[in-house]
Structure formats: C-alpha cells, structure tokens
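Here the structure is laid out as structure tokens; the discussion comes afterwards.
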2 protein chains.
Amino acid sequence: MTSRGAGPLYQRIADNLRARIQSGELAAGAKLPTEESLTKTHGVTRATVRQAVQVLVNEGLVVSERPRGHFVRRIERLIYRPQKEWRERPTHPELDQFMDEQVELGRKPSQTIAVELAAPPPDVAARLGLAEGDTVVIRKRVRYLDGTPFNTNDSYFPLELVQGSEIMHPADIGRGANQVLAELGAEQTHAVDEIEVRMPTPDEASRLEIGLGVPVAMHRVTGYTDNGRPVRVVRNVLPGDRHLIAFERTRPAKPQKGDEQ
Amino acid sequence: MTSRGAGPLYQRIADNLRARIQSGELAAGAKLPTEESLTKTHGVTRATVRQAVQVLVNEGLVVSERPRGHFVRRIERLIYRPQKEWRERPTHPELDQFMDEQVELGRKPSQTIAVELAAPPPDVAARLGLAEGDTVVIRKRVRYLDGTPFNTNDSYFPLELVQGSEIMHPADIGRGANQVLAELGAEQTHAVDEIEVRMPTPDEASRLEIGLGVPVAMHRVTGYTDNGRPVRVVRNVLPGDRHLIAFERTRPAKPQKGDEQ
DNA sequence: ACGTCTGCATTGTCTAGTCAATGAGGCCGA
DNA sequence: TCGGCCTCATTGACTAGACAATGCAGACGT
C-alpha cells in the first residue's frame, strides 16, 4: 500500500528507505526518521519498523547511534597496496608503508605491538609447514589512524628461526622485519597473497571497533625464501568500510590469449 | 544465569551457540536446536531466541532453511586468481581461466551472457575517463558451477572503441575479449586491480543467490593500453563464502627495505 | 507401486505492550 | 563562567501472544 511491490511489510519499509538513501534524499550522515515516526507513516508497530531498519543495518547502509537515532553510514576507504612491501622506502622509518602513506595525507597514525609465543592457528600451521602443536612467535599489531583502530597485522614466525632476535621484542623494528629475517639468513624473496572475505568474528569486531553490517577482508601473506622455505605468515584484518585493496599488473613479455577475467 | 558472562540474554544465547559451533560440537551442516527447544533450555520467549539466532545468521555462521530448521553453514572456497588473465592458455577455449580450472576438478561450469548499451555507473565512468552521460557497451555475465550461480563478471567498453565488433554480440568470445581489443588496435598491456569488500546489494544478492551474512568482494579491473589509455573496466562480484582470492609476488631485482606489510 | 493429499513441525511475520539505557541539551547553583 | 544534575527523546531488550508459509513424511487411494 505505501509502496507498491510485494513482500512482507518490513521489506517494503526497508526498500523505501534504501531507495531514499540511494537517491541521495538521505545523504551520508543524514538522520533517518525515528522509529516512532516510521510507525505512524507506515501504520505498523515499532517491532516491524525495527525489523526494517535492521535490514539496512545488516546491509551496512545505516548505523545506529543510540539513543540519538539511525544515520546513513559514511564510507571513506583508504588505499591499501600489498605490493608496496617491496616497492618503496618509507620516509618515516618507524612506520610501515601503509601508515607512511597516511602521514603524507596529514593523518595521525599510531600502533600497538604485542609479542607472544603460542601454537599457530590451523591455516598458519599449514602454510609454515608446522604441526599444530609447534610453537610460533606472534607479533600482533593494531594500527590506528587519528585515534581509531584501522586494521590489525599479526605476523607468525617459526620459533627456531627468530629465537632471540629483535623480532621477539615488542617494539617497532625500524628497518623492517624483512630486513631482520634477511640478517638471520632467511631472506624473503617470494610471497603468496590470499584474500578471504567474511564477517568479522566477535573478537575482531571488538578489537577493530567494527559495526554491524561491515565485513572484513583477511589478507594473508606467506613469505618464502629463495629456496622455497616458508619463513613467515602475516594475517591482516581489514574492515571493508575503511579499505580499498589495490594492486597493479603488467603483461608478461610473451603474451598469451586471455579472456575477460 | 544460564551462562556466566555479561550482556543481554540474546547475546549469551548466541555466544553459547557460537562456542558450540567453533568447538565442533555443532559441525558444518549440523542442525541447531529448534527455536522452541531453545526457549525451554534458556527460559526466554521465542522472540529472544530468534534474536540470538539472527546474530549468528548475520555473522554468516548459520543458515535458515525454512521450515526445516537452522543449520551450521558449510563453506567451500574456490581459488580465484586475478593474475591468470595473462598467465595460461585455457584448455577449453570457450571458457575463461577461472571456469577452465574448475572443469579440471570435475565440476560443470556454465554461463549466461547479455550485452546492453547504457550509461556507465560513476566508478566506471571515472576510470574510463568518460562523462556519466556517455554510452558504454556492457557485457554482463553470470557464471554458474554445477547449476548454482558463482560470480558475475560485467565488462564495460567505450562504445566508439568496440562499435560493430564481436564484443557487442551476446555470445562467448572463444579467443577472448582481450584478443578482440588487440585486433581493434587497443591492446591491453597494463591493468589496475581494486578490491572492495562490502555487503551485497539486493540486486546482487538475488542475481547470485547470496544468503544473509555473506559479504562480497567487488574485484574491479581497469585495463590500459601501452600508452595509458583505459580501454575496459571489468567488475567481478565474488560472494565471500565461495572464493579465495590469491596472487603471487616476487621481489623486484633491486630490493629495498620493507616492513611487515 | 505410484501419485496425491493431508497433517505437522518449524520458521516467518506481525501486534501490543513494558521497562532499561543513554547521550544531549537545558537548568541551576557556586 | 563553568561544572553538575535532571529531563527527555530515542533506541535496546524482552514478554506474550496470533496467524501465515512451507517442506516433508506418512496416510490414503487407485
């Protein structure tokens, strides 16, 4: 009745609001009508209105700021470049490439570092060629931008490889962990990147202050030496509303037919 | 009371179920207790139980198969390799690299193709250097595996570039769209890949039969010729529960310091 | 043996309310 | 002028129901 179109009432209300968001009538940051007022305009109970709004929250379009109201989510993605690891020398040696880039844009990065010894999770164990009972050194970092958490960066190293090295010290490594690995005779020259897309676990959601309706990308890097030995696994958790992953390719010398990938 | 630990009742119930899933007590494919039985074991009304289950659905851990019950989601990810575009010659020329790989694993791929002329969406217009009022040729594909939709692959070409070519014909291009572009004097030798992580739009969700709690990766490729002209944009929509994006890197000749990216 | 029909368990939708929690803004006193 | 307190609008959590929709299995009929 209010909207033509089929489906349950809460879907129609959600469709109506979604359309108004996409059309720009409700711009990013705008306040949605209160639940109370929606009950009047659509002639349903508050429970139904709440169900409608919940749909939009789960789509990541709307955030709730209790008790101020519901607002259209603002999304600003910063560019995240996996390839930079080997591309550019940081101008601020105490930060890595990602954060370095942000400094140049006038933002204030910071990070926390913790080091622990523990058994590796199954995916890491498999990639390092270890058993799940083995011990790895884990360097856990949370990176912040302007005071809010931005992403996490957890590195896993085989214990025997980095025992006693700077990697086990919970402070920033100015010259980079790759450099330390090289000094230990395990220079990383090859890497496999994997990206997995899913909803955050409750742990991740709280560590990164991720709201409802925001998925994450898990960017996992396995680093290998020249002779194919895996020497580190990094797991980056990137909230979807804050990152745009970008990389570049140039066609190899001898081209072959390729279709529309 | 039922579980120690704080928070609202529905959260505790959700936490309880989540723990049982992660511990393996409720394995992938297992049926959750019915809402009715959960009301009894936790001493709450059905509305509260439903709220708890909804949390798990939105986390992507649980699917509802009405009216059979709720089940622990099965996840199987296939490896998706953006770099393959230029790497390997397909053994089945009528399919592209991604599907080709699946044939080898004994799965049955198929696809639908539609071609239309329309104005480009803003992100595509920006990357092709066009105005939003211009016209582009859009080749829309949906790829299926064993009968269920797997991902979508929409290519955008400037109209003047491909006018009258095979690209405008809604059938498979055996030798690949890249080859056709080359024959038109616009050989693609460089590409920029971007990956955006978000919840699917309702359109995407229905086109790909994506359930609640499953995010997507939007993999956007902008292809350039030798002299830097953008000649195509491809938008791949990859449901997160079905894909693992993978690519490889080798360190360039002159190494520079890099930190733990 | 085979199709059809019917009942049923289970989830989906919706109503009508109550009370709690919380951020913001205004009021008031020092 | 400034800090603290109070009010209030709004969302969050929960109860107690009713009825609809739908796959499946078992009964039934041919």
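Values below: every heavy atom of this structure, side chains too, minus hydrogens, waters and symmetry copies. We name chains A, B, ... by the order of the sequence lines, and we start the count at 1 in each one.
Under 4.0 angstrom from either OP1 or OP2 of dG12(D) there lies at least one side-chain N or O belonging to Ser64(A).
Of the possible donor and acceptor atoms, one in the side chain of Arg139(B) sits under 3.5 Å from a partner among the backbone N and O of Ala171(B).
Between Asp15(A) and Arg12(A) there is no salt bridge, since no side-chain N of the basic residue sits under 4.0 Å from a carboxylate O of the acidic one. The existence of a salt bridge linking Glu76(A) and Arg74(A) is excluded, since no basic side-chain nitrogen approaches an acidic carboxylate oxygen closer than 4.0 Å. With salt bridges taken as basic N to acidic carboxylate O contacts below 4.0 Å, none links Asp154(A) and Arg235(A). Ion pairing of Arg77(A) with Glu194(B) is absent here, as no side-chain N (NZ or NE/NH1/NH2) approaches a carboxylate O to less than 4.0 Å.
Here Phe247(B) pairs with Phe247(A) under the ring pair (Phe, Tyr, Trp, His ring centres under 6.0 Å) rule; sequence neighbours left out.
Each of Arg68(A) and Ala47(A) was assigned the nucleotide of DNA chain D with the nearest heavy atom; the assignment lying further toward the 5' end belongs to Arg68(A).
For the pair Arg66(B) CZ and dA21(D) C1', the interatomic distance rounds to 4 Å; values are reported in whole Å. Atom CZ in Arg12(B) sits about 12 Å away from atom C1' in dA13(D), given to the nearest Å. Taking atom CZ on Arg50(B) and atom P on dT15(D), their separation rounds to 15 Å, with Å as the unit. Rounded to an integer number of Å, the gap from Glu36(B) CD to dA18(D) P is 14 Å. Atom pair Glu35(B):CD and dT22(D):C1' shows a separation of 14 Å (rounding to whole Å applied). Atom CG in Leu56(A) sits roughly 14 Å away from atom P in dT11(D) (whole-Å rounding). Spacing between atom NE2 of His70(A) and atom P of dA9(D) amounts to 18 Å, rounded to whole angstrom units. Remark: C1' of dA13(D) and NE2 of His42(B) are 16 Å apart, rounded to the nearest angstrom.
Annotation: Leu212(A), atom CG; neighbour count of heavy atoms from other residues, nucleotides and ligands within 6.0 Å does not exceed 12.
For DNA chain C, the span of nucleotides reached by chain A at under 4.0 Å from its heavy atoms goes, 5' to 3', from dT13(C) to dA24(C).
Closest to the side chain of Thr45(B), out of dA13(D), dG23(D), dT15(D), is dT15(D).
Nucleic acid contact class of Gln51(A) (heavy atoms, under 4.0 Å, all strands): sugar-phosphate only.
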